[in-house]
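Presented below is the structure to which this report refers.
Values reported hereafter were calculated over all heavy atoms of this structure, with side chains retained and with hydrogens, waters and symmetry mates removed.
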Amino acid sequence: MGNNLYKELRRSLNAHRYEKDHDTGLAHFPGANLAIGGVFTIEVNGQNPSSFHNLIVDDWLDTALDILFNAGSVPAGYYIAPYANNVSPSGSWDAATFVATGGEFTNYDEATRVEWTPAASSSGTVTNSASKAEFTIAASGDDTIWGAGILTNSAKSDTTAGTLVAANKDSAARSGLVDGDVVTITYALTLADNS
């Protein structure tokens, strides 16, 4: 059964037979009756949370299939990173594009991207809502965050290692950030039966 599911998902990816629902953020695989997608939530100093659906990029879909069905290597961790440019990602983005085109936001005190630490899955969803990723804004530099991504490498602005899992832009920027502000980012990932 698992091998047939793997083959169907692989065929769907190779033939681009999947649909990305821009309203829900889910990637639907009709031949496998599966949907996968996530939601980012950003807030500043514990106020005004704003949630937006992610875009799971093509590169990660292949990587995830290899992990699930082909004994692929599981990343050591997943890391959340904000970005500063007013751009919406495309399915062809990768870790290097996230840094260059997205303009990875690095003006925070933490030495690395912040690890995504989800609790055990429940009802088909994993989330770090109990352990939000916190970014403490530093004294100078960028002061605007437009969106966020989740990657498999912890180093800020690294373009040579790791994989971009998902990213997207919020409907409005978080601007005017100042030294000491705390930006928190939550990411919830859902895998659902699409039959």
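One hydrophobic cluster holds both I150 and V114 under the rule that ILVMFWY side chains link at heavy-atom gaps under 4.5 Å. If you chain together hydrophobic residues whose side chains sit under 4.5 Å apart, Y79 and V74 never meet in one group.
For the pair P82 and F135, the tightest heavy-atom approach, listed with the atom from each and the gap, is CD-CE2, 3.7 Å. The shortest non-hydrogen separation linking T186 to K132 is OG1-CG, 3.4 Å. Of all the heavy atoms in A161 and A95, the pair that sits closest is O-CB, 4.2 Å. Closest non-hydrogen pair, N168 versus P89, comes out as OD1-CD, 3.4 Å. Taking all atoms of both residues into account, the shortest heavy-atom contact from E104 to K156 is OE2-CA, 3.8 Å.
Two rings, from Y78 and W60, have their centers less than 6.0 Å apart.
Side chain to side chain, S131 and N128 fail the donor-acceptor criterion of an N or O pair below 3.5 Å.
Rounding to the nearest 0.5 angstrom, the gap separating the CG atom in D158 from the CG atom in N153 is 4.5 Å. In this structure, CG on D94 lies 8.5 Å from OG1 on T163, to the nearest 0.5 angstrom. Atom CG of L151 and atom CG of L164 lie 5.0 Å apart (nearest 0.5 Å). Here T117 contributes atom OG1 and E115 contributes atom CD; the two are 4.5 Å apart, rounded to the nearest 0.5 Å. Rounding to the nearest 0.5 Å gives a distance of 11.5 Å between OG of S88 and CG of N85. Atom CD of E110 and atom OG1 of T136 lie 4.0 Å apart (nearest 0.5 Å).
In this structure, K169 forms no cation-pi arrangement with F40, as its terminal cationic atom is not both closer than 6.0 Å to the ring centre and no more than 45° off the ring axis.
Taking the side chain as every heavy atom from C-beta outward, V87 and W146 never approach each other to under 4.5 Å. Side-chain contact between F98 and V57 is absent, with no heavy atoms from C-beta onward closer than 4.5 Å.
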For this session: Please step through side chain to side chain donor-acceptor pair (under 3.5 Å) for the pair T125 and T190, ending with a clear verdict.
Result: CA-CA 4 Å; T125 298; T190 299; 2.8 Å; yes
Exercise. Does the pair Y187 and N54 meet the rule for a side-chain contact (heavy atoms from CB on, under 4.5 Å), with working shown?
Worked result: CA-CA 9 Å; Y187 182 66; N54 74 184; 2.4 Å; yes
Please tabulate, for side-chain N and O atoms in residues 174-185, each donor-acceptor pair with protein atoms closer than 3.5 Å (sequence neighbours left out).
unit_1	atom_1	unit_2	atom_2	d
R174	NH1	N48	O	3.4
R174	NH2	I42	O	3.0
R174	NH2	N48	O	2.5
D181	OD1	N45	ND2	3.0
D181	OD2	V178	N	3.0
T184	OG1	E43	OE2	3.4

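Every residue meeting the side-chain contact (heavy atoms from CB on, under 4.5 Å) condition with S51, not counting sequence neighbours, appears here in chain and number order: V39, T41. Applying the side-chain contact (heavy atoms from CB on, under 4.5 Å) criterion to V126, with sequence neighbours excluded, gives W116, P118, S121, L189.
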